[in-house]
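Have a look at the structure below, then the notes.
Chain A is the first sequence line, chain B the second, and so forth, proteins listed ahead of strands; every chain is numbered from 1.
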Amino acid sequence: MSIALSSGATPARERPPLGTTGPVGWLRANLFGSWWSTALTLALGYVVVRFLWGFIDWALIRAVWTVPMGPHGPDATICRQMKGAGACWAVIGDKWRFILFGQYPYNEQWRPGICVALFIALYAASANRAFWRRELLYLWLGTLAVIFALMWGGFGPLQFVPDDQWGGLPITLILATFGLVAAFPLAILVALGRRSKELPVVRILCVVYVELIRGVPLISLLFMASVLFPLFMPEGLNPDKLLRAQVAIILFAGAYLAEVVRAGLQALPKGQSEAAEALGLSYWRKTRLIILPQALRLVIPPLVNTFIGFFKDTSLVLIIGIYDLLTAGKVALADPAWTGFAAEVYLVLAAIYFMFCFAMSRYSHGLELRLAAARGR
Amino acid sequence: MSHAAGDPRLIGAQQAPRKPWRLSWSDPRTRNVVWQVVVIGAVGAVLWYLIGNTNRNLAARHIATGFGFLGRTAGIPIGEQPIPYNSATDTFAKALLEGILNTLKVAVVGIILATIWGTLIGIGRTSRNWLVARLTAIYVETLRDIPVLLQLLFWYTLLQGLPAPRQAMRLGSIFLSNRGIKIPVLVWSGAYSWAVLGGVLGIGLTVVWARWAKRRRDETGSAPPVWPVALGLIIGLPVLIWALLGAPHVVDAPALHGFNFVGGATITPEYAALLLGLSIYTAAYIAEIVRSGIQSVPHGQWEAAGALGLRRGTVLRMVVLPQALRVIIPPMTSQYLNLTKNSSLAVAIGYQDIVSIANTTLNQTGQAIEGIAIIMAVYLVISLSISLFMNWYNARMALVER
Amino acid sequence: MDETPAILLEQVNKWYGSMHVLRDVSLSVAQGERVVVCGPSGSGKSTMIRCINRLEEHQQGRIVVDGTELTDDLRALDAIRREVGMVFQSFNLFPHLTILENCTLAPIQVRKMKRVEAEELAMEYLRRVRIPEQAKKYPGQLSGGQQQRVAIARALCMRPKIMLFDEPTSALDPEMIKEVLDTMVGLAETGMTMVCVTHEMGFARQVANRVVFMDRGEIVESGEPNALFENPQTDRLRLFLSQILRGH
């Protein structure tokens with residue numbers, strides 16, 4: 001801001017006192033408003049600069065990006081010399097395929113790669129409100145079918161890959177997405193059951209299911225899946241580990257989603273239900289044509305937030321030994337060449353999880369604002 | 001609704017004759033009964049099938065059901081013992097009790113830490129200082145978008161990466177090494193028990209004093225001081241008792257002896273990582289709850305109270321907090337429950353909570369159903385207790401309004 | 001008669017960022033005087049009245065209330081806020097307290113009154129605004145007009161020397177405006193010093209000693225209400241009056 005120029009244009013009295021506008025004014029108002037604010041700014045600023053500089057020094061300046069190959073695989077000696085001072089990103093360079101795709105046959109890893117891309121495309125398509133139609137459901141079912149076909153293979157030139165060899169990011173995406181899709185119908189039924197006044201037995205069953213599942217940690221359900229499900233099945237039938245974990249996640253997701261759907265049903269004005277009844281619609285028609293389409297629209301933002309939760313929670317399958325993204329990262333660290341470089345691997349894993357969750361949470365936040373604005377109009 | 005009984009429109013309705021129940025598909029009551037019978041039948045059939053399979057499988061594997069194993073000697077070594085435990089002689093029941101206590105130890109301390117830290121971050125989110133507001137926003141957004149298990153593993157790795165005991169980082173008599181945090185403790189003596197008793201007495205007296213002070217203010221207008229008296233009673237009284245009993249102070253400080261420490265108390269790396277990870281993660285959620293609670297109180301409330309001449313602290317205490325807390329408490333409850341349930345991730349970093357010990361138990365005994373039932377029962381009881389307490393507290397807060 | 005003015009504004013200037021919202025505002029309100037401030041929205045009238053008890057800070061000039069100058073000194077601010085009552089457009093009652101508790105909070109906490117006395121005082125003022133029977137209810141159970149009358153009683157319970165009204169009837173349904181205005185007329189008759197931002201011209205004619213017309217952050221005209229309304233000197237006031245009259 002040029003003072004000479006503006007004082008020529010307006011008389012002195014018309015100008016705000018110096019230092020209340022422009023960058024100086026901004027600094028005063030937002031960083032140095034009072035002595036307490038100033039002290040906070042200086043102290044925090046110091047800590048942030050120190051921390052950022054230390055991190056940049058470790059992660060970029062003194063980092064080791066590649067290591068030479070030794071007779072028994074990569075030779076991490078340089079990394080060990082720099083340990084504590086500089087990051088060893090060479091571990092990522094060596095292990096990234098394993099972290100992303102686990103034990104999937106190396107030459108076939110383009111298949112899970114395409115699957116990850118399909119998942120991301122599916123999410124992106126669903127985020128677009130222009131696509132919120134019945135066809136979206138078919139798109140989801142179709143894409144999931146393609147994904148499973150690609151992962152398993154066993155037709156044409158695609159070699160069959162049993163699902164105990166799947167791993168990494170696709171497993172995380174499958175567990176979360178398929179969990180959501182399969183839990184959704186269950187959740188709708190349970191939410192409707194919990195609200196039915198005429199069927200007390202059904203209501204009690206739904207309440208017990210929801211509260212029981214929400215009262216215990218996911219881990220106990222996963223343990224149940226890995227230890228108890230084999231006992232529940234008739235002899236000879238032994239569903240594999242991944243399917244068992246998926247069932248546990250569906251049961252878990254069903255209870256949480258049911259509560260989200262129930263909130264949507266509750267938020268719907270009673271007049272909608274009454275108007276539908278006055279038109280002579282039966283319960284199921286009323287629910288399917290009038291109530292659910294509106295209620296589900298209402299709950300999309302909390303639904304996305306719940307999905308973010310599932311996405312993160314799938315990492316718990318580590319504890320029952322399923323090869324998701326986190327497990328693959330942990331197993332990569334078990335390689336004797338790379339023991340001790342956990343921080344680097346964990347940071348990369350965190351970045352991957354963060355990218356997915358952050359994108360979804362920004363989206364849900366923006367959607368919430370838009371839907372609120374649309375309702376306000 | 002109590003006033004509904006007196007509503008003249010409802011008196012007639014309540015006395016209306018009930019229609020006779022016809023056994024016809026067009027009578028909704030028939031439909032309701034049939035539907036429920038069908039649902040019960042289906043659920044029952046599935047359960048019957050599963051239980052039948054389970055019984056056959058158990059028989060085939062020669063596993064007897066029942067909780068008889070609880071009385072057998074466990075032989076599970078437990079590193080973290082809230083009460084003395086001997087793996088050679090103590091039973092599975094005792095081992096599981098250790099696990100429950102370890103879970104509670106993490107949950108209770110974690111809830112306290114997460115609440116304090118989360119509240120600070122949440123207040124920071126509403127700060128007028130740009131840097132504070134930005135940093136706390138980044139904190140919340142980042143930590144909420146990374147799985148808590150990954151965070152736990154990360155903290156555990158960092159703590160394990162600390163130097164060995166011989167090169168431990170030292171802060172006075174506190175040692176930080178890969179064996180955990182060693183802190184000096186006072187050797188317990190009778191004087192401390194009396195001092196603790198004095199402290200409890202002090203809290204009781206403070207409550208009495210505060211009530212008296214409030215009544216006196218209501219009656220005369222001049223309020224007797226509460227904080228100095230409370231400080232004196234709660235802190236001064238125990239110190240006085242301790243001093244009168246000869247002020248014993250034998251400090252058991254940790255010292256390096258060979259390759260490890262002797263003396264002092266230990267916070268194990270497992271416990272520290274779990275506590276740190278859970279508190280830091282849950283604090284991000286609590287911060288958002290606190291922020292929305294504070295922002296739910298309109299700015300006009302501050303202005304109106306200020307225009308009446310109330311000081312900032314009084315406004316916060318008498319006007320803003322009571323309103324914000326009503327928004328804060330319900331979601332806070334579910335965060336406390338989440339933290340407690342997430343403490344089960346202990347098993348991933350080798351802290352022996354109830355899940356970890358029950359898991360070992362079921363691996364050793366083969367009593368899978370019982371082991372998982374115990375885990376679930378423990379968490380259900382904890383969840384139920386927290387919800388009951390919070391519902392009671394919430395009802396009390398709501399009563400203040402109407 | 002005390003000669004020091006109840007409120008004195010000298011060359012007060014205020015900016016929001018680079019927007020000049022108060023321009024050289026000077027105003028003197030004598031003890032017992034009733035001043036109505038009017039003007040189009042965004043003219044700075046609310047900002048001016050909020051500067052008087054420092055809900056907003058002015059950046060240049062002097063504001064003296066009851067002989068005490070408004071500065072950064074918190075004790076002076078406490079003293080002034082004790083003597084100046086304020087009624088807001090949106091009532092701002094405390095929703096978690098009963099009507100009676102709303103009225104006794106400040107007398108007990110600030111004036112250090114006994115609870116019994118504070119309650120007697122509150123009941124007296126609630127009778128004066130004609131809603132003593134609502135004392136045990138909560139604000140949410142009252143109509144807008146009743147809430148605003150409670151807000152007036154709440155301010156009066158501090159026994160202020162000066163009352164500020166910031167568009168007290170703007171948020172009310174038409175049928176409730178009268179009950180609030182009647183309360184304010186009653187208050188004016190007790191000789192209270194009042195500064196009132198309002199568009200109610202009938203009220204201005206009935207009780208105001210003086211009407212101040214503000215536009216774009218400055219005082220354009222001021223004078224005795226009838227003279228001002230019948231014979232506006234500036235185009236800006238004429239335009240404003242024609243808009244107000246068309247609106248009613």
Taking side chain as everything from C-beta outward and backbone as N, CA, C, O, which of these in C:R50 sits under 4.5 Å from a heavy atom of chain B? Side chain, backbone, both or neither. side chain
For chain B, find its close neighbours in residues 115-123 of chain C: heavy-atom separation under 4.5 Å, sorted by number, or none. C:R115, C:V116
Return the minimal non-hydrogen interatomic distance between C:L105 and B:M318, and the atom names on each side. CD1-CE, 3.5 Å
Taking 4.5 Å as the heavy-atom cut-off, does anything in residues 104-132 of chain B contact chain C, and if so which residues? none
Mark yes or no for whether C:H96, through its side chain, and B:L321, through its backbone, hold a donor-acceptor pair below 3.5 Å. no
For C:L93, is it the side chain, the backbone, both or neither that has a heavy atom under 4.5 Å from a heavy atom of chain B? backbone
For residues 106-113 of chain C against chain B, heavy atoms under 4.5 Å, the residues are C:A106, C:I108, C:Q109, C:V110, C:K112, C:M113
Any residue of residues 305-317 of chain B which, by heavy atoms, sits under 4.5 Å from chain C: B:A305, B:G306, B:A307, B:L308, B:G309, B:L310, B:R311, B:T314, B:R317
Name the option with the most non-hydrogen atom pairs under 4.5 Å to chain B; the candidates are C:R154, C:E83, C:R54, C:M158. C:R154
Under a 4.5 Å heavy-atom cut-off, does chain B meet the side chain of C:F88, its backbone, both or neither? side chain
